[in-house]
Amino acid sequence: MAERSFHHEIQSLRLGAGETFRGEGILAVTKALLQSGVSYVGGYQGAPVSHLMDVLVDAEDLLSELGIHIEACTNEAAAAAMLGASIAYPIRGAVTWKSVVGTNVASDALSNLASPGVIGGAMIIIGEDYGDGASVIQERSHAFAMKSSIWLLDPRPHLPAIVHMVEKGFELSEASHSPVMLDLRIKACHVTGEFETKDNRAAAFSRNAPLGKPAAFDYAKLSHPPSTFAHEIAKVTERMPAAQAFIREHKLNEWFAGDLADIGIVVQGGLYNSLMRALMRLDLADALGNTRIPIYCLNVTYPLVPEEVTAFCASKRAVLMVEEGTPDYIEQALGQILRKADLQTKLFGKDCLPQAGEYTSDVMVEGLAAFVEQAVPQGFDAGPARKIADALKHHRQTAAALLDAELPGRQPGFCTGCPERPVFSALKLAQKDVGPTHVSADIGCHSFGTLPPFSMGNSILGFGMSLASAAAVGPNLGRRPISVMGDGGFWHNGSITGVAGTLFNRGDGILVIMQNGYTSATGQQFMPSTIAEGRRAETPMNIEATLKVMGVKWLKTVRSYSVGTMKGVIKDAMTTTEKGLKVIIADGECQLARQRRVKSEDAAKVKAGERVIRVRYGVDDEVCSGDHSCIRLSGCPSLTIKPNPDPLRDDPVAAVINSCVGCGLCGEVAHAAVLCPSFWRAEVVQNPSRFDLWLDGWRNRLRGWLQAEAVS
Ligand SMILES: O=C(O)C(=O)Cc1c[nH]c2ccccc12
């Protein structure tokens, strides 16, 4: 169902003792969970951990053999809540989501989960969506670990290390009675490699072997006062020391020796590979992992183990803390540890490396060069390292200057045939007539409406929060704001924070719900109102019916490709004298999901000799005026330009390329904007019927006559 098929990975999940798993980091985690004897998994998909849920959903058969329950949670708070109750039992559970945003959503449940103390290991696998490839705001998840006494595992991106930390993570959770977070950066999720597998472990208690009775009632185990006061003390007096002892005894943090022994580097485990690459480029390490500067690699970034820190630093004149993002929590903690131990080791960190932004190997090359220059290790000349760093910087600058002149920008945008594109065309056209208003954007594929050619959105907030945010703008703007939300966002929280809130407060405004049937941006997962693959029968939730029951009176469902109708409905919503929330459901299946579905359905039909029609659009070169309004209004990747074949005209003409899926928007937009008669529509018929062949014969004959007429 989702974006990718995981057939291959699912086979790998069955590997036993002594075999070799090959694949991506995030999928190695799934195998590690099975080896750890979890009783359930849950989560909410999002980059870069979507695949963790997807592969487990696809591996339903294996999970039921092992008795593992899987819950596709409606949001991250629901996922955290699962752990919050299961910690009272001797069962292990793992949940996953993207961070930092998902952690924000989960934070209420998370605080409560972290209070009473854990019996069965509780693990949260967070996809740290930070850095150049990230899709959300840039903040650190580290703060959540610190404030809630949740231990933060940050394994170096190496499959055996990641798997080891999953397995040890559960033990740590149980030994210290605390939840743990396994923090996987984008690079760690996608790093490929191999590890030696173990047999999967069925849990002692699971769906196949139920506990049978509830936990004994114990008020002291409830995150409710006055128990919470005791929990707060237990966190610092018992759980933290137990965690530190476990981390030390099981050597979760790693030491790598080097000959420049009077300096050292402390690094977050997740940054280890980039650090090694940077050291290699500076001739300070080799490809086999041998380093000249000693490294203390923190596979657990919270809590720190002060004895380990002082042992590493005691013989060193200077250490560099390589810690990504802001604030520099670990560097501050190192400073305090050194000070309290009265060590004179000089501490470098954010003075050599940037305060903000991803620590790529390029960034680290510069920071390391600055560090060795200032730290002056004995018997070492920092000159060559500085030279290499400068040469690399110069090389990058030269390349950037050259590229800047030659390469056009390539913005991300809607897919070919996306049902959300026409809604923005209609919004643009409607605002031309009734004037501009505040467009409250949201998270999802529709957030691409904020980019050219639409460039619409005066604010964009968290997932499902567009309508809630419009509550402050509407009354003060004097115009109805338009909030855009996906069906994914509606179920994630918009139905409550937005719709219920607006109705309750008798707010006046417009909500456009993009109903495409999936949480598309995260990889086309199913959600409560998904109707694909017969889901309606199983989960009969329906947005239209839900809105009616909630009390929405002004409610219209419009086919999203009908630009003219949509424009009219938006204008009505903007101008009607009727007060209150007006909801427009823009209905159109995610085209990526649809193409995947239709492609296999059509292939089967063609094979069976059945008649199959594909619709294609094109532009008549002779009619196209070359003004390209169609491109400006649509932005479809299949709609482009080509040289004008007419030798008497030099303007390029519009052209539809082969990736067209026949959604028809180019024709529709032209119609709604009263622009252009140059679009044609064709039907490609496979396995034609006798009627098709007869019709085709007559059409050919007619064309022949007309051509003969034109020539004579
Ligand atoms: O998958 C992504 O990249 C997303 O941004 C989607 C998403 C999943 N969970 C969220 C919680 C808050 C904001 C966005 C998301």
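We count residues from 1, following the sequence as given. Just follow the structure's listing: the first ligand is 1, and inside any ligand the first atom is 1.
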For [atom], what is the closest protein heavy atom, and at what distance to 0.1 Å?
| atom | result |
| --- | --- |
| atom 1 (O) of ligand 1 | Ala47 N, 2.9 Å |
| atom 9 (N) of ligand 1 | Glu76 OE2, 2.6 Å |
| atom 4 (C) of ligand 1 | Lys98 CD, 3.4 Å |
| atom 15 (C) of ligand 1 | Phe463 CD2, 3.8 Å |

Where ligand 1 meets [X] - atom numbers and elements under 4.0 angstrom, heavy-atom basis:
| X | value |
| --- | --- |
| Gly46 | 1 (O) |
| Gln45 | 8 (C) |
| Ser135 | 2 (C), 3 (O), 5 (O) |
| Val136 | 5 (O) |
| Thr522 | 1 (O), 6 (C) |

Among Thr103, Asn493, Ile443, closest by any non-hydrogen atom to atom 14 (C) of ligand 1: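 Minimum heavy-atom distance to atom 14 (C) of ligand 1 goes to Ile443.
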Is it true that the side chains of Thr522 and Ser50 contain a donor and an acceptor less than 3.5 Å apart?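 The criterion, which ignores hydrogens and geometry beyond distance, is not satisfied for Ser50 and Thr522.
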Using only heavy-atom distances, determine whether the side chains of Ser141 and Glu128 contain a donor-acceptor pair under 3.5 Å. yes
Full working for side-chain hydrogen bond (donor to acceptor under 3.5 Å, both in side chains) between Gln515 and Ser529: CA-CA 9 Å; Gln515 177 164 273; Ser529 54; 5.0 Å; no
Do the ring planes of Trp151 and Tyr302 sit parallel (below 30°), tilted (30 to 60°) or perpendicular (above 60°)?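 Trp151 and Tyr302: tilted rings.
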Give me the ring orientation class for His492 and Tyr44: parallel if the planes are under 30° apart, tilted from 30 to 60°, perpendicular past 60°. perpendicular
Can you find a heavy atom in the side chain of Val136 that is under 4.5 Å from one in the side chain of Phe463?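 Not in contact.
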What do you reckon, does Val101 have a nitrogen or oxygen under 3.5 Å from a nitrogen or oxygen of ligand 1? no
For Thr557, is there any backbone N or O sitting under 3.5 Å from a side-chain donor or acceptor partner on Asp587? no
I'd like to know if the side chain of Lys350 and the backbone of Glu323 have a donor-acceptor N/O pair within less than 3.5 Å.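 Looks like yes, one N/O pair under 3.5 Å.
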